[in-house]
Amino acid sequence: MDKCVVCGQQDNNKAIFREDGIDILRCLNCGHVYSSYDAPENDAGYFGADIGLQDHFWWREAHERMYRDFGRRFLAGKSGRLLDVGCGLGYFVKFVSEWPGWEAYGSEISVPAAEFAKKELGLESVIAGEVQSAGFEKKSWDVITLWDVIEHVPDPHSLLKFLNSILKDDGVLFIHTPNIKIQLPKARLKKLIIGEKPGAHYLEAKDHVNVYSARSLSAVLAANGFNGINFVHLRPIQSVAGSKNVFLRVIKNSWFYFAKFIGLITGNRVNIDNLFVIARKSGN
Ligand SMILES: [Zn+2]
């Protein structure tokens, strides 16, 4: 990509990081950070045909506290229909389907992942394919969630516009995505410590094609009919890049409380946590 999806400027950028021979660019107009890699619009190959044990650990055990925190804050005492877009192996859909009062659906472009959700987790409500082709009715969802999805999407505008159209007027959109404000310093530190190793994860240039900040994510949401944009903190994933290392987990949990504290004392102007945003439809 050589166009900034946040402000639309073409070829007005500067390389700020490099991994696997791919430049990560910063838009010189609005500051948005994105990969120069031309990723496919729908990366169905994210989950390969063989789903490893590591994937289950990451999406089930490591995410469990975060999901429970989400449930306590956003599902408890309410009822309705929730759609998880890019639901992967389906563990979040399963979590919501077991919550009293909630009907949970998922869409997933990776066929092996969707098959796993259906066969192994017994989730008939998971649909394989693009969410836009699933035949969902307009204004039919109370809650739509995107867990670690938006950073993979080259053009977030068409997806967000579509999701806006299928959300009920009083519905809520939730997005969880990495925050460039932490990812970039982390990637630089890692490069400093281990050097430039092929295949190592720094900013995941081929997968994470847009890495948002609270500001750039708010801008793309506002451009697609959302307002009431509010960033919250959810208990973190209990793992660092899939590792079961207890020391790394302690650092991550400490960082979470530190980030919450920084948010508190700056009136949420400084966000150094992962981005977890709530948005509502404009005009409501
Ligand atoms: Zn820009």
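Atoms within each ligand, like the ligands themselves, are counted from 1 in listed order.
- Within the protein, the N, O or S atoms lying under 2.8 Å from the Zn ion (ligand 1) are C4 SG, C7 SG, C27 SG, C30 SG.
- Looking at heavy atoms from C-beta onward, L184 lies in side-chain contact with L203 at the 4.5 angstrom threshold.
- Among L160, N210, L275, V277, the one residue that satisfies the side-chain contact (heavy atoms from CB on, under 4.5 Å) test with I150 is L160.
- Listed by first and then second residue, the salt bridge (charged side-chain N to carboxylate O under 4.0 Å, His left out) pairs involving residues 13-22 are R18-D23 (not counting sequence neighbours).
- Electrostatic pairing of K139 and D169 counts as a salt bridge here, judged by a charged N lying under 4.0 Å from a carboxylate O.
- Between N179 atom CG and I182 atom CD1 the span is 5.0 Å, to the nearest 0.5 Å.
- Residues Q10 and D2 are in side-chain contact: their nearest non-hydrogen atoms beyond the backbone lie under 4.5 Å apart.
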